[in-house]
Amino acid sequence: MAEQKIKVLIAKPGLDGHDRGARVIARGLREAGMEVVYTGLRQTPEQIVRAAIQEDVDVIGLSILSGAHSYLFPEIMERLKKEGADDITVIAGGIIPEQDVGALKELGVKMIFNPGTSIQEVVDFIKKEIQG
Amino acid sequence: MAGRDINTEEQQWLESTYGKVVNKVGERKEQFSTDSGIGVKPLYTPLDFAEKDYLTDLNYPGQYPFTRGVYPTMYRGRFWTMRQYAGFGTAAESNKRFRYLLEKGQTGLSVAFDLPTQIGYDSDDVMARGEVGKVGVAIDTLADMETLFDQIPLDQVSTSMTINAPAAVLLAMYIVVAEKQGVDQAKLAGTIQNDILKEYIARGTYIFPPVPSLRLITDIFAYCSQNTPRFNTISISGYHIREAGANAVQELAFTLANGIEYVRAALDIGMDVDDFAPRLSFFFNAQMNLLEEVAKFRAARRLWAQIMEERFGAKKAKSKTLRFHTQTAGSALTAQQPQNNVIRVTLQALAAVLGGTQSLHTNSFDEALGLPTEESVKIALRTQQVIAHESGVAETADPLGGSYYIESLTEEICRAVEKYLDKIDQLGGMAQAIQAGYVQREIQDSAYKTQLEIERKEKIVVGVNQFIDEKQTENELLQVDPQLEKDQKRGLAAIKSRRNNQAVQDCLRAIKKTAQEDGNLMPLIIEAVGYYTTLGEICGVLREVFGEYQAINV
């Protein structure tokens, strides 16, 4: 059986312009054999959920360094649920203080990657989640 | 000594003395190089400086090409300005932090705005949800600006504002606040960042496309050259280009290329180069490779002086001096063992001072974890004070000048930057190079390369890929109260209901008309903010006329 390529949406929610991490991860996942769509900057929760459904992705990777995650992530998770797309694995990275991690995981965000994470760690995590 | 020849002896040293040891025990690495990939030799000697002429290439501080510094006395006259970037939440809270910093001995203010302000949205805009007051202060109307500078006499401080796409609006508000304090705008000192080109390639807070953006910038140049002669009208910024992944050479090359584009734009509207060039300022990053950073700052001064004289025929010495602000590298801060960041910031700050910076922001050690606390901000400021008062490096100008290695590296950086400038010229200038995606690709390639070097441990980051502690440290972090967004919106609604709405509408119509036609927008924007027209309203009519920039996919 030909193995299906894992498809990932890398998204930048909110107004944050820091996309070095998002772009490095997008490229790293691509080189690890995944199909990656990068949304570009300034995506609203609505746009991200729509793109994820249209592109039929397995994984959404949210990148944010502005501190707006505590508003934007719940919005995204809720919309995914409403659209019946909460089977998509959601992971996140950027500057997300430790004290916020618990609440975000409770919403269904599978993993929060801190600064200093290697591409390999992200690749391994996604493969384990999607392919078991 | 008679009969001895350095060429021969150096060859001998390399082959026998040094070569013998290398052959026997080897060295730590096969190849040594700087962050920009410039090869590093085992030793530098007078031979590496043989082709340079002291008076032509270095000269004295305050003299062309300013390699050794822009002022004759440098830090013997006075120290650099210690300027910590701050601002969060409401204008009232930021005002409190400013007064705290001034009281602790800071000498200049630096305002951080929240993202909605930077992108021209009011706090009640749907795009601002969750972002109000998060990375800086929220400014909707003049009222917020009045609160921000309450009890801070604007004729006695210099204020730097990190604002780009809507820079004209924030500058207008600053001028009106000063007026209300009874301070003549001619006395205002400070800087607006106002550097849109790097937003397209690195920082991301653009609004309008390049052509109308450049018009807003030259409107500011023209207005300020007449009215605010002490205000720096732009801070041409390599900082964010570096943070986005560029190496030292790329940071310098793309920053100077942006500078060239702004000078051209001002010349195109008929300005005289010596009327605006003295108010151009720069902003660089200080990364970890101490000696390469020092060489970069020296190269920057030499190159800009040559560009202004040779390309643009500048006459005044002030038109040729590259004055710059430095910030230590945020991307070098680690979330792991965050206390180590105090040491990183110290080394970076030292590079900036040895490189002759005019002002400096030192990052707080906890910024890879979240917003810095008052305590960590104080340590960052203390770092600068220790360097200034205890280290002795400020007692003579350009203390590393004449080091064989520093001079050689300065020269190599100049040559590598010139190669990039040639390439960008071939592409038709920086605006074209950005439109073609060339600059973005160069930066992204470097960012990816750095990441791989860290993952392969070719580049060691202490606490991240070596010397790892299993135990995580607990840190106290600053939290922004979500109530703040609600309060800010309520304040905005109150102002909208009590201001002279007829006057606001008239001002907006006038701005729209001039935007569609010709003429300087600054006086109209100053009038509009005086009536408490909001930032979002002004940017809104400009959006209607100018359209919005669509990022190209690289």
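What's counted below: heavy atoms across the whole structure, side chains too, no hydrogens, waters or symmetry copies. Because the structure is a prediction, the values reported are computed rather than measured. A note on names: the letters A, B, ... follow the listed sequences, proteins ahead of strands, and every chain is numbered from 1.
No salt bridge links Glu243(B) with Arg20(A); every basic N to acidic carboxylate O contact stays at or beyond 4.0 Å. Checked for salt-bridge contact, Arg97(B) and Glu93(B) miss the test: no charged N lies under 4.0 Å from a carboxylate O. The pair Asp16(A)-Lys12(A) counts as a salt bridge, with a side-chain nitrogen and a carboxylate oxygen less than 4.0 angstrom apart.
With respect to chain B, the highest number of heavy-atom pairs below 4.5 Å among Gly21(A), Gly40(A), Gly28(A) belongs to Gly28(A). Most heavy-atom pairs under 4.5 Å with chain B, from the set Ile119(A), Leu15(A), Asp19(A), Asp100(A): that is Leu15(A).
Rounding to the nearest 0.5 angstrom, the gap separating the CD1 atom in Ile126(A) from the NZ atom in Lys110(A) is 12.0 Å.
Interface residue Glu31(A): only side-chain heavy atoms are found under 4.5 Å from chain B. Both the backbone and the side chain of Pro116(B) come within contact range of chain A, each with at least one heavy atom under 4.5 Å from a heavy atom of that chain. With a 4.5 angstrom heavy-atom cutoff, Glu121(A) does not touch chain B via any of its atoms. Residue contact with chain A, scored on non-hydrogen atoms closer than 4.5 Å, is absent for Ala551(B). Contacts between Tyr121(B) and chain A at a heavy-atom distance below 4.5 Å involve the side chain alone, from C-beta outward. With a 4.5 angstrom heavy-atom cutoff, Arg27(A) touches chain B via backbone and side-chain atoms both. Neither the backbone nor the side chain of Gln118(B) comes within contact range of chain A; no heavy atoms are under 4.5 Å apart. Both the backbone and the side chain of Ser66(A) come within less than 4.5 Å of a heavy atom in chain B. Contact of Arg203(B) with chain A is made through the backbone alone, with heavy-atom distances under 4.5 Å.
Among Lys449(B), Gln451(B), Gln444(B), the single residue meeting the side-chain contact (heavy atoms from CB on, under 4.5 Å) criterion with Val24(A) is Gln451(B).
In this pair, Phe283(B) and His240(B) present their aromatic rings perpendicular. The plane angle is above 60°, beyond the 30 to 60° band.
Shown here is Lys81(A), whose NZ atom has no more than 12 heavy atoms of other residues, nucleotides or ligands within 6.0 Å.
Stacking of Arg30(A) on the aromatic ring of Tyr38(A) is not recorded, the 6.0 Å distance cut-off and the 45° axial limit not both being met.
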